[in-house]
Amino acid sequence: MEQRINRTDKDSEDKCNNTEDGDPRTKCKTSLLTLNVGGYLYITQKQTLSKYPDSYLEGVVNRKIFCPIDADGHYFIDRDGLLFRHVLNFLRNGELLLPEGFQENHLLAHEADFFKLKALNEAVKARWEKEQQAARETTFLEITDNHDRSQGLRIFCNAPDFISKIKARIVLVSKSRLDGFPEEFCFSSNVIQFKHFIKSENGTRLVLKEDNTFVCTLETLKFEAIMMALKCGFRLLTSLDCSKGSIVQSDALHFIK
């Protein structure tokens with residue numbers, strides 16, 4: 001949380017810490033601390049910063065380590081203010097949670113070293129090694145369409161995270177007609193299979209749930225899978241039967257990344 005607050009008089013703070021009135025509101029106020037990290041202000045609790053003994057922040061909170069004070073009376077730490085949000089979230093959650101597409105593992109590892117957070121450093125390195133291993137492995141995606149109610153549309157990918165993205169996207173585009181993912185459709189970590197549909201008068205295949213509730217067209221699901229593949233960096237390797245003039249009409253599509 002970034003916010004400007006008035007300068008706190010240290011003698012007043014010590015007095016509040018030693019209060020005997022037992023007022024929980026007073027205790028709550030004195031447990032808060034504002035840090036100025038590279039120009040970014042963060043408000044948090046002292047117990048959060050003290051979570052890991054012998055860390056830099058624990059030393060600052062318990063006055064074991066000298067830390068400069070800025071013009072507003074906040075502790076000033078000359079580090080990357082944007083990256084510090086991830087350091088603070090690690091202290092709050094006890095695990096490393098980073099946004100999708102985060103590409104600053106190396107810098108975050110340096111921050112973990114500075115703040116003497118061994119657990120964070122190990123979590124960052126483990127994440128980086130996992131990403132490196134995934135990058136070395138080839139990811140395959142196959143979209144097959146048998147135009148047959150017993151088989152229907154099948155999406156296979158050896159990367160479970162891509163299947164999860166497809167599933168989430170399908171729920172989103174069908175949101176007005178669908179509460180959650182149709183349970184009767186086959187779904188695993190690597191495969192989504194759509195088998196229930198009927199053809200309308202114009203030949204469009206309508207995807208149905210078992211109670212005959214209309215979800216969306218099979219062509220829409222296929223199109224969304226293709227667009228998601230291209231967005232995620234897959235490239236088209238082969239396609240079968242594009243004679244109908246559209247990649248969406250192909251019987252089989254093979255992608256690789």
Side-chain angles (χ1 to χ4, degrees), residues 1-136 161 164-165 168:
M1 177 180 180
E2 300 173 25
Q3 179 180 339
R4 289 282 182 185
I5 64 173
N6 295 327
R7 180 169 181 166
T8 302
D9 183 83
K10 295 302 176 184
D11 294 335
S12 175
E13 180 180 335
D14 291 338
K15 183 178 180 181
C16 287
N17 285 331
N18 294 325
T19 184
E20 297 179 356
D21 60 11
D23 189 339
R25 291 173 298 179
T26 302
K27 293 180 181 179
C28 179
K29 290 179 181 178
T30 57
S31 70
L32 295 180
L33 194 67
T34 301
L35 299 177
N36 179 343
V37 184
Y40 288 83
L41 298 184
Y42 292 90
I43 299 177
T44 186
Q45 297 186 68
K46 292 181 179 179
Q47 64 183 38
T48 300
L49 301 178
S50 303
K51 188 170 184 179
Y52 289 89
D54 300 323
S55 68
Y56 177 87
L57 293 170
E58 186 271 338
V60 170
V61 169
N62 294 315
R63 301 184 180 180
K64 301 176 185 177
I65 298 175
F66 170 76
C67 186
I69 303 296
D70 69 7
D72 293 316
H74 311 316
Y75 286 118
F76 176 75
I77 303 175
D78 190 16
R79 301 300 296 182
D80 191 318
L82 287 174
L83 280 179
F84 185 73
R85 64 180 284 236
H86 305 304
V87 175
L88 188 56
N89 282 334
F90 178 80
L91 296 175
R92 289 166 172 162
N93 301 314
E95 60 178 319
L96 182 61
L97 302 172
L98 296 173
E100 184 178 348
F102 182 80
Q103 298 293 326
E104 298 183 310
N105 293 313
H106 187 63
L107 292 176
L108 185 55
H110 273 289
E111 296 304 300
D113 282 337
F114 174 83
F115 289 108
K116 298 180 181 179
L117 293 169
K118 183 178 178 181
L120 174 58
N121 191 300
E122 292 175 348
V124 174
K125 288 182 177 179
R127 181 181 188 274
W128 182 81
E129 290 173 357
K130 183 178 180 181
E131 288 180 347
Q132 291 298 305
Q133 181 179 357
R136 290 192 294 267
D161 61 329
S164 297
K165 289 180 181 179

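- Distance check: L35 CG to H74 NE2 gives 9.5 Å after rounding to the nearest 0.5 Å.
- Ion pairing of K125 with E129 is absent here, as no side-chain N (NZ or NE/NH1/NH2) approaches a carboxylate O to less than 4.0 Å.
- Remark: the backbone N or O of L91 is not paired with any side-chain donor or acceptor of Y52 at under 3.5 angstrom.
- Residues D54 and K116 fail the side-chain proximity criterion, which asks for heavy atoms closer than 4.5 Å.
- Considering all non-hydrogen atoms of both residues, N105 and R127 come closest at OD1-NH1, 2.8 Å.
- Counting heavy atoms from C-beta outward, N36 and Y75 have side chains that stay 4.5 Å or more apart.
- Each of L83, V124, L82 was evaluated against L107; a single residue qualifies, L83, per the side chain to side chain contact (heavy atoms under 4.5 Å, CB included) test.
- Looking at heavy atoms from C-beta onward, L49 lies in side-chain contact with L33 at the 4.5 angstrom threshold.
- Using a 4.5 Å heavy-atom threshold, the side chains of L108 and L98 count as touching.
- Between F84 and Y40, a ring centre-to-centre spacing not shorter than 6.0 Å is recorded.
- In this structure, the side chains of K51 and R92 stay at 4.5 Å or more apart for every pair of heavy atoms.
- Among all heavy-atom pairs drawn from G39 and F76, the shortest one is N-CE1, 4.3 Å.
- A distance-only check finds a donor-acceptor pair linking the side chain of D70 to the backbone of D72 [under 3.5 Å].
- Taking 4.5 Å as the limit, every side-chain heavy atom of H106 sits out of range of all side-chain heavy atoms of W128.
- Contact between E111 and R79 at its shortest, heavy atoms only, is OE2-NH2, 3.0 Å.
- Between the side chain of N121 and the backbone N or O of L117, no donor-acceptor pair lies under 3.5 Å.
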Handout entry: V87/L120 under side chain to side chain contact (heavy atoms under 4.5 Å, CB included): CA gap, chis, key distance, verdict
Key = CA-CA 8 Å; V87 175; L120 174 58; 4.1 Å; yes
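- Expressed to the nearest 0.5 Å, how far CD1 of I43 lies from OG1 of T48 amounts to 13.0 Å.
- Looking only at side-chain heavy atoms (C-beta outward), I77 and F114 come within less than 4.5 Å of each other.
- When all heavy atoms of L96 and F90 are compared, the pair lying nearest together is N-CD1, 3.7 Å.
- Sorted by first and then second residue, the salt bridge (Lys or Arg N to Asp or Glu O under 4.0 Å) pairs involving residues 93-108 (not counting sequence neighbours) are E100-K165.
- From L32, atom CG reaches atom CD of Q47 across 10.0 Å, with rounding to the nearest 0.5 Å.
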